[in-house]
Amino acid sequence: MNTEQVGGRPSLLGQRTRAVEADRLVVGQHRYVSDLDFPDALEIAIVRSPLAHAIVERIATEAARNAPGVHRVVTAADLRDVAPMPDYFDWAKPVAAFPLAVERVRYVGAPVAAVVAENRYLAEDAAELLECDYKDLPVTAGATDALRSDASLLYPYWGSNTMVDSSEPDPEVDAAFERSAQVVSGVYTTQRHGAVPMEPRATVAKYQDGILTVWTTNQFPHICRTIIATCLGMAESEVRVIAPELGGGFGSKCQVYPEEILVAWLAKSSSRPVRFVEDRVEHLTATTQARDMQISLEAALDSAGEITALRGHVVQDLGSEETYPPAFAMGLTAAASLALPYRIPRVNISMTGVVTNKTPAGAYRGFGLAEGVFAMERLIEKVARVTGRDPLQLRRDLLIRPEDLPYVSPGGAEIDSGSHLAAFDRAVELGRQAMADERERDRPEHLRVGLGFANYVEGVMPTFLPVSGRWRTGDSGWFEVNKDGRLTVRTGLQSMGQGLVSTLRVLAAESFAMDPSAVEIVFGQTEGTPESLGSWGSRSTGIFAGACSQAAETLVLAGRRLAARELESAEADIAFVDGTFRIRGTSVGGLSWADVAALGPLESTETYVPEWVDDVPKNDGRMNACATYTNSSQAAVVEVDSRTLHVRVLRFIAVHDCGTVINPTLVEAQVQGGVAQGIGGTLLEEFTYDDFGQPLSGTLADYLLPLASDVPRIDVEHIQTPSPLTPFGVKGAGEAGIAGPAAAIASAIEDALSDILVKELTSTPLTPWAIAASVDLAAHPVH
Amino acid sequence: MADREHDDWARPRQMIDVELTLNGAQVTTRVPARQLLIDFLRTDRRLTSTTVGCEHGVCGSCTIHVDGTAARSCLVLTAQADGCEIRTLEGIGQPGEPTPVQEAIARHHGVQCGFCTSGIVMTLEAADPSQHQSKEQIRHLLSGNVCRCTGYHKIVEAVADAWGVTDEH
């Protein structure tokens, strides 16, 4: 940091401090939106479309309106003054998303009408009495359907189902393929799955004295406020958004939903608060879904078998995309990030995002990296097989080396630092040890063990412009030293279980030479906090560190000025040492923060912008979209029952470098959570739809979340390579862990079943029947 | 009329008298016969420590104790709890006085967003530690409680610590 800090105060960074949130959460003192007490609130039940694609011909609300306890029933006809969610993208086709379906429904679960009643039970009774006549339209069930020339169009005025297409040939890449000795290719698919946090969504709104207050499960309250205000034609100063704390988000609450606009609108014409709490069955069709990408990838090899170029195409299934923001940035991220750990000189991956009659797609942890890494790692193993090379050695030969840093990828990603080779070597060492440990256990012959690896580089603190169409990268914090010497920090970052408050307190305490207990973090509300982009993209720690360092510099300077007057010295003679302002060279009579705060106001709003991040591509088309880059190497040891092809993950190792670690326990927790989600996404989770767009994963008995018995011991080893670019050298860890498991597990299964597999594993989930498709069943029958 | 006949037979809004013990206190109340116990606890009694994760008995977030046994309050009607002793997390440990399991979970950081935590604590508090003396058994015990944040690792470590389980795996 830039403040002159001399003294013997030990650093707070790197300590396993107990998370401040933990003690109250273990006794159940959480404060989610659904916990807030609104004794006079009216409750909403939403009538949702049972069809994937249809014209809404008639909605008869009379019976519902007359049902006991019902206050009102609304449809799109009542909400004509509500503007659609704004479209900020001039480079993608527009979707007009309304709170309730206007003329058409485009996915099962789309909100069609809302019943407002005294309680949810009565509201649901009335909802059952609502009559809706639909006229079926042909269903575009998936990306293949969407791309057909005779496809049924979700948005006829587009002329196609393609929302965004980034295909642009690269002559150098094409030339490398033309002169290649060999091409190795594959098509790799990650199934539709998603965040599914334990807390479903909830929104409450109240309109009083010209102010609309909205309590909602949202990761970016300020942006949510902007969207609500825009849709309702209000000034932002008339709207307040409060997101007290979230029961998990993982990106699914990094959206503005139709229900949020609807509840806000209903509140405006109601004397009582209006409340909507989503149930899980709704959640599984009404909250955004993710992944669902097919990545075709090919590597050009020269006569020595070296990879000279990589070319490929990402097709992303966006669902109906009636949400804000749309999710095509995930496909773009997959394309831009899948090859980052490897020194491949020419890379051109294009991307097409198509709409289909499925639930809208939205952000999910990893944001395209998981899908991309799966494809890249599968292809690398294929190249190794084809060229007769050891896959680990091939990775080693390709990985970024210390002397390559800073490494600029062909696409323009500026990887400033990392431990790519060291992390991989360590993961291999630990993975082999874990495998050896497992081999030593007695197990019947039909239970085979296998070992697999994966590497990835993850950009953190990214620009928000490709995602939001409007907002960029920086963020602000308001810092005030109170007269009692405590520091109050007001931030728009959001707490959703990642230990935000604990982390920010340590960073602030470190910057201001205070005790963490002297720092108060105010978050989760637009009122009294500066404009912020919220928490996503593993940005909170780094972005806050930036604002905090600037604030410390500003306020230490101000403190020195105040101290100088009080101590009748020149400002240049005042030093800030171990948290006190004192005359240089003396060790007595120092003034504390409380002392200087009593002399004059000490507050500052700081905006931190990592200037080196590109919000748009440079003139040459290359783009550095992230402030810095973490790296991780992972190993999975699996056990596969060769009779049933059921897979168990026995051990998982993650060697993880996120720069300077503020609290190792919190980072491990993020990695372990991400790995568990990765395991779920690899073996268990899927949003399946039939050919009529009917969702088949309607409950948690179908959409299988990983349980304690599905997830093994996850060993996390930290490497700390500080970033030279960020304050304290921090990077981000919010999305840690999730990008590698699919690749590592696929590789491990192939290792375990090497004698019976005849085809590579190219898609997830790796269910027994999916694996069976790659097995020579005639030679090796399975149950 | 057909509607009235249906209404008489189904009586969806029928009320029923219920007497139960809730966190040690006697409660006499009149609730809709179809009311779920979880809604009685959270809405009628404002006991919000118990959370609703799925309402179909899979995730375990709503776990409470009915007569000392762990039960999913989303699958119990308030009427079914008549004559029973109901305990929620509010009746287990107090702020500043956590149980050994609660303290261990906090210390090991086996809690992130906290949404699944009350269900997990209730499952653990209803269990007999002597029957779960390996990490594998602890995982099996917890396999009815879904957590999306932690990956379970630190929860298992916490329980092992609290229950004196020392095996590695």
Side-chain angles (χ1 to χ4, degrees), chain A residues 18-19 21-32 34-35 37 68 119-122 125 195-200 245-250 277 279-281 496-499 665-666 668-677 679 699-701 705-714 737, chain B residues 12-13 32 34-35 39 42-43 46 48-56 58-59 61 88-90 92-95 98 101-103 105-118 121 135-136 138-156 168-169:
Chain A
R18 183 144 155 165
E21 301 89 336
D23 289 306
R24 95 184 139 77
L25 291 176
V26 291
V27 294
Q29 287 188 345
H30 40 74
R31 302 238 329 140
Y32 311 118
S34 59
D35 296 327
D37 194 12
N119 63 57
R120 180 68 180 247
Y121 287 68
L122 296 176
D125 287 343
V196 193
M198 291 315 296
E199 180 205 25
E245 64 185 344
L246 305 181
F250 315 113
V277 180
D279 67 32
R280 183 62 65 185
V281 167
M496 47 189 154
Q498 79 275 48
T665 303
L666 297 188
E668 283 154 21
Q670 289 302 299
V671 174
Q672 289 163 344
V675 166
Q677 286 179 313
I679 290 173
T699 70
L700 295 184
L705 293 170
L707 307 173
S709 45
D710 297 313
V711 179
R713 165 181 153 190
I714 301 168
Chain B
R13 289 171 291 281
R34 62 179 176 170
Q35 184 193 56
D39 291 323
R42 285 183 57 85
T43 307
R46 298 299 308 150
T48 55
S49 78
T50 314
T51 52
V52 186
C54 72
E55 242 178 24
H56 46 271
V58 173
C59 78
S61 293
T88 68
L89 192 61
E90 285 89 346
I92 304 258
Q94 292 304 315
V101 156
Q102 287 172 316
E103 163 60 24
I105 290 175
R107 185 169 67 251
H108 285 265
H109 200 62
V111 53
Q112 290 186 31
C113 83
F115 198 86
C116 73
T117 306
S118 59
V121 171
K135 283 186 177 164
E136 192 176 335
I138 292 171
R139 285 182 179 278
H140 185 77
L141 172 66
L142 289 173
S143 62
N145 289 89
V146 181
C147 173
R148 201 54 171 155
C149 291
T150 67
Y152 307 102
H153 185 106
K154 291 185 187 300
I155 301 177
V156 173
E168 256 313 293
H169 212 233

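Residue numbers start from 1 in every chain, and the chains themselves are labelled A, B, ... in the order their sequence lines are given, proteins ahead of strands. The figures that follow rest on heavy atoms only: side chains count, while hydrogens, waters and symmetry mates do not.
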Apply side-chain contact (heavy atoms from CB on, under 4.5 Å) to B:Thr48 and A:Tyr32, showing your working. CA-CA 9 Å; B:Thr48 55; A:Tyr32 311 118; over 6 Å; no
Looking at B:Arg42 and A:Asp35, is there a salt bridge between them, counting it only when a charged N and a carboxylate O are closer than 4.0 Å? yes
Hey, does A:Val711 have a side-chain heavy atom less than 4.5 Å from the side chain of B:His153? no
Got a second to check how far B:His140's NE2 is from A:Leu707's CG, nearest 0.5 Å? 11.0 Å
Quick check on B:Glu55 against chain A: is it the side chain, the backbone, both or neither that has a heavy atom closer than 4.5 Å? side chain
Is it the side chain or the backbone of B:Thr51 that comes within 4.5 Å of chain A heavy atoms, both, or neither? side chain
For residues A:Asp710 and B:Tyr152, is any side-chain donor paired with an opposing acceptor at under 3.5 Å? no
Less than 3.5 Å apart, any donor N or O on the side chain of A:Gln670 or B:Gln112 sitting next to an acceptor on the other? yes
Could you work out, with side chain to side chain contact (heavy atoms under 4.5 Å, CB included) as the rule, every residue matching B:Cys113, not counting sequence neighbours? B:Phe115, B:Cys149
Run the salt bridge (charged side-chain N to carboxylate O under 4.0 Å, His left out) test against B:Glu103 and tell me which residues pass, sequence neighbours left out. A:Arg18, B:Arg107
Any side-chain heavy atom of A:Met198 within less than 4.5 Å of one from B:Cys147? no
Determine the minimum heavy-atom distance between B:Leu89 and A:Val27, stating which atoms define it. CD2-C, 3.5 Å
Taking everything shown except B:Arg46 itself, do over 12 heavy atoms lie less than 6.0 Å from its CZ? yes
d(A:Ser709 OG, B:Leu141 CG) to nearest 0.5 Å is 11.0 Å
Would you mind telling me which of A:Gln498, A:Arg120, A:Glu199 has the largest number of heavy-atom pairs within less than 4.5 Å of chain B? A:Glu199
Just so I understand: if I count every heavy-atom pair under 4.5 Å between each of A:Gly674, A:Pro712, A:Ala708 and chain B, which residue has the most? A:Ala708
Measure distances from B:Val146 to the heavy atoms of chain A and classify the residue's part below 4.5 Å as side chain, backbone, both or neither. both
I'd like to know which of A:Glu21, A:Arg280, A:Met496 tops the heavy-atom pair count under 4.5 Å against chain B. A:Arg280
Enter the distance from A:Arg713:CZ to B:Glu136:CD here, rounded to the nearest 0.5 Å. 13.5 Å
Just verifying a value: how many Å separate B:Thr150 OG1 and A:Ile714 CD1, rounded to the nearest 0.5 Å? 8.5 Å
Which heavy atom of A:Thr665 sits nearest a heavy atom of B:Lys154, and at what distance? O-CE, 3.6 Å
May I ask you to name which of A:Gly28, A:Ala19, A:Gly248, A:Ala701 has the most heavy-atom pairs under 4.5 Å with chain B? A:Gly28
Need one label for A:Leu700: side chain, backbone, both or neither, based on atoms under 4.5 Å from any heavy atom in chain B. both
For chain B, which candidate among A:Gly737, A:Gly499, A:Ala195 shows the most heavy-atom pairs at distances under 4.5 Å? A:Ala195
So for A:Val675, is it side chain, backbone, both, or neither that comes closer than 4.5 Å to the heavy atoms of chain B? neither
Whatever's closer than 4.5 Å to a heavy atom in chain B on A:Asp125 counts as side chain
Kindly indicate, with the supporting measurements, whether the criterion side-chain contact (heavy atoms from CB on, under 4.5 Å) is fulfilled by A:Thr699 and B:Val58. CA-CA 9 Å; A:Thr699 70; B:Val58 173; 5.8 Å; no
Contacting moiety of A:Pro68, where chain B heavy atoms sit under 4.5 Å: side chain
Look at B:Cys59, B:Gly114, B:Gly144, B:Ser118 and state which one has the largest set of heavy-atom pairs under 4.5 Å with chain A. B:Gly114
Measuring only between side-chain heavy atoms, which start at C-beta, is B:Ser49 closer than 4.5 Å to A:Gln29? no
Heavy-atom contact with chain B under 4.5 Å, split by part of A:Asp37: both
Chain B contact via A:Pro197 - side chain, backbone, both or neither, heavy atoms under 4.5 Å: backbone
Determine the option with the most heavy-atom pairs under 4.5 angstrom with chain A, choosing from B:Val101, B:Ile155, B:Thr117. B:Thr117
As a quick check of understanding, evaluate side-chain contact (heavy atoms from CB on, under 4.5 Å) for B:His109 and A:Glu668, giving each step before the final call. CA-CA 10 Å; B:His109 200 62; A:Glu668 283 154 21; over 6 Å; no
Report the option among A:Ala22, A:Ala676, A:Gly249 that has the most heavy-atom pairs separated by less than 4.5 Å from atoms of chain B. A:Ala22
